[in-house]
Structures are given as structure tokens and as C-alpha cells.
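Contents: one structure, followed by commentary.
Here the structure is a predicted model, which means the values were calculated and not measured. Count residues from 1 along the sequence.
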Amino acid sequence: MKKKIKSQLEILIGSKLSNIGRASNLFWLEFGDALSVIRRGRTQELAEYALNIQCSWRITKDNQILVASRDFYCPKSEWRKRGF
């Protein structure tokens, strides 16, 4: 299963991160160029790919955790720019 997931996600490597967001405990990442899609008679701008995550996760850089799923449940604090 892990091998299959990894092979499916490889298409995202090197893709432009175009948007991130959340709704409750669902976190999403959008990758690639914007596409115009007509849904129910309305034009929407969507990314080529979207990754919806609803489990524990973390984003790291140089072996340091930059942000993780549990951060949603912490009080707001001052945030230093870490050179994304």
C-alpha cells in the first residue's frame, strides 16, 4: 500500500504549491497551474491537483518541523517567518 501511495504522489514532486487551506480537521494542498472548470453553470478556478489530508501530518525542512496537524488546536501565537 505504501508503495502504491508513493507512486501516485510522485507526480506532485516539483509541482508549484498554489493554495492551502482547511475546513475543521481537513487540510488541503493544491498543486500546479490554475484550471477553469464549469460546475453547475459557474466557472471555478481549480488547481491541476489537490491533496486532501484528514489524518496526522507534518511538513518538515532540514529535519525541523515547520507545521503539523496538531498546530490547529494550539492558541494563536507570534509566528516567525522560517524561510519557506
Side-chain angles (χ1 to χ4, degrees):
M1 178 66 112
K2 186 175 180 179
K3 187 176 181 178
K4 185 175 182 177
I5 292 169
K6 186 175 179 180
S7 71
Q8 294 294 311
L9 292 176
E10 283 180 348
I11 196 164
L12 301 178
I13 296 172
S15 294
K16 175 181 75 174
L17 178 63
S18 55
N19 193 19
I20 62 171
R22 76 176 187 108
S24 187
N25 66 343
L26 173 73
F27 178 62
W28 72 82
L29 301 155
E30 295 180 353
F31 297 91
D33 296 325
L35 304 173
S36 291
V37 176
I38 299 173
R39 285 190 177 166
R40 298 182 185 145
R42 299 169 125 183
T43 302
Q44 294 180 313
E45 292 288 320
L46 301 174
E48 287 180 275
Y49 302 98
L51 180 61
N52 295 327
I53 306 168
Q54 202 163 11
C55 61
S56 296
W57 56 268
R58 69 173 61 142
I59 297 174
T60 63
K61 182 179 179 181
D62 300 325
N63 291 324
Q64 280 194 314
I65 298 171
L66 300 175
V67 64
S69 55
R70 299 290 292 172
D71 293 339
F72 288 146
Y73 306 104
C74 295
K76 185 178 177 180
S77 63
E78 290 298 315
W79 183 62
R80 297 178 309 154
K81 187 172 181 178
R82 293 187 173 185
F84 282 107

Could you go step by step and tell me if Ile13 and Ile11 meet the side-chain contact (heavy atoms from CB on, under 4.5 Å) rule? CA-CA 6 Å; Ile13 296 172; Ile11 196 164; over 6 Å; no
For Asn52 and Leu26, what are the C-alpha separation, side-chain angles and deciding distance, and is it a side-chain contact (heavy atoms from CB on, under 4.5 Å)? CA-CA 7 Å; Asn52 295 327; Leu26 173 73; 3.8 Å; yes
Given side-chain contact (heavy atoms from CB on, under 4.5 Å), test Ser36 with Glu45 step by step and report yes or no. CA-CA 5 Å; Ser36 291; Glu45 292 288 320; 2.7 Å; yes
Evaluation steps, side-chain contact (heavy atoms from CB on, under 4.5 Å), between Leu17 and Leu29: CA-CA 7 Å; Leu17 178 63; Leu29 301 155; 4.0 Å; yes
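Heavy atoms from other residues, nucleotides or ligands lying under 6.0 Å from CD1 of Ile38 number 12 at most.
From Ile65, atom CD1 reaches atom CZ of Arg58 across 4.0 Å, with rounding to the nearest 0.5 Å. Atom OH of residue Tyr49 and atom CD of residue Gln8 lie 10.5 Å apart, to the nearest 0.5 angstrom. Here the straight-line distance linking atom CD of Glu30 with atom OG of Ser15 works out to 12.5 Å at 0.5 Å rounding. Separation of atoms CG (Leu9) and CZ (Phe31) is listed at 8.5 Å; rounding is to 0.5 Å.
Trp28 and Ala23 make their closest contact through CZ3-N, 3.7 Å (heavy atoms, listed as atom of the first residue, atom of the second, distance).
Just one residue in the list Lys3, Met1, Lys2 forms a side-chain contact (heavy atoms from CB on, under 4.5 Å) with Ile5, and that residue is Met1.
Linking Ile, Leu, Val, Met, Phe, Trp and Tyr residues whenever their side-chain heavy atoms come within less than 4.5 Å leaves Leu46 and Ile20 in two separate clusters.
At distances below 3.5 Å, at least one donor-acceptor pair connects side-chain atoms of Glu48 with backbone N or O atoms of Asp33. One N or O on the side chain of Arg22 and one on the backbone of Ser24 form a donor-acceptor pair closer than 3.5 Å. Looking at Ser69, its side chain does come within 3.5 Å of a backbone N or O of Trp57 through a donor-acceptor pair.
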